[in-house]
Amino acid sequence: RLALVSKGVVEQYLEAQDRNPPPILSATGVLLGVADPAGQRRRIDLNEEESGPAASDKDITNYPLYQQTIKKVLSEDAYEKYQAFQAERIVFRKKAMRQVVTAELDTRLLLSEKQQKQSEAISSTLPVDPNVSAQAVFSQLAGKLDRDGMDDWQRKTLNEITREFNF
């Protein structure tokens with residue numbers, strides 16, 4: 001039953017993506033409005049509950065209909081287990097994002113063992129949102145690195161990387 005419900009929710013989500021105009025976001029990511037089919041900007045009420053996923057949600061499990069259906073279909077115990085699994089999944093995704101970013105930095109800069117440990121320590125303290133790109137996390141890590149402890153080649157390479165990604 002859960003697989004059937006998931007399929008229906010995915011289909012509704014995809015249909016909603018086709019029907020709904022793209023959101024208009026401010027530079028800080030605040031939803032300002034939507035574009036109508038003619039391309040005109042149409043203001044929306046931010047207090048109004050959306051029927052679809054939030055603009056920043058990339059995970060279909062955050063879709064309100066999906067969550068509502070899961071809650072209705074599952075028993076209380078099963079729903080608590082589901083929520084615990086989701087929380088573990090988010091923790092896993094954050095840890096994986098940190099590891100990927102640290103590994104990419106190590107690959108590009110050929111870090112010494114001491115530098116690897118420092119970058120891992122810095123990475124473990126970074127706030128990571130599972131819905132952001134690895135590039136955003138990489139820029140956070142690159143900005144906090146101790147450049148004084150790097151050799152000239154590493155500093156030059158890191159400067160090239162920061163210019164490449166414009167951060």
- line: Applying salt bridge (charged side-chain N to carboxylate O under 4.0 Å, His left out) to R155 and not counting sequence neighbours gives D152
Identify every side-chain donor-acceptor pair in residues 72-79 under 3.5 Å, counting partners at least two apart or on other chains, and give the distances.
unit_1	atom_1	unit_2	atom_2	d
S75	OG	A78	N	3.2
Y79	OH	Q83	NE2	3.4

message: List the residues meeting side-chain hydrogen bond (donor to acceptor under 3.5 Å, both in side chains) with E80, not counting sequence neighbours, and say none if there are none.
response: none
message: Could you tell me if the side chain of Q154 sits less than 4.5 Å from the side chain of Q115, heavy atoms only?
response: yes
- request: Can you see which heavy atom on K144 is nearest to which on I122, and at what distance?
  value: O-CD1, 3.5 Å
message: Holding to side-chain hydrogen bond (donor to acceptor under 3.5 Å, both in side chains), I want the full list of residues that pass it with Q116, two or more places apart in sequence or in another chain.
response: D106
query: Residues two or more places apart in sequence or in another chain: which of them pass side-chain contact (heavy atoms from CB on, under 4.5 Å) with A134?
result: M97, V101
message: To check you understand the geometry: which heavy-atom pair defines the closest contact between L158 and L109, and what is its length?
response: N-CD2, 3.8 Å
- line: dist D151:CG -> T157:OG1 (nearest 0.5 Å) comes out at 8.5 Å
field: Within residues 118-127 or reaching into it, pairs that qualify as side-chain hydrogen bond (donor to acceptor under 3.5 Å, both in side chains) - sequence neighbours excluded
entry: T102-S123
- prompt: Which heavy-atom pair separates W153 from R108 by the least distance, and what is that distance?
  reply: CH2-O, 3.4 Å
message: Rounded to the nearest 0.5 Å, what separates atom CD1 in I161 from atom CG in L105?
response: 6.5 Å
Expected output: side-chain R98 to main-chain L126 donor-acceptor under 3.5 Å: yes
task: Would you check if there is a donor-acceptor pair between the side chains of Y82 and Q67 at a distance under 3.5 Å?
output: yes
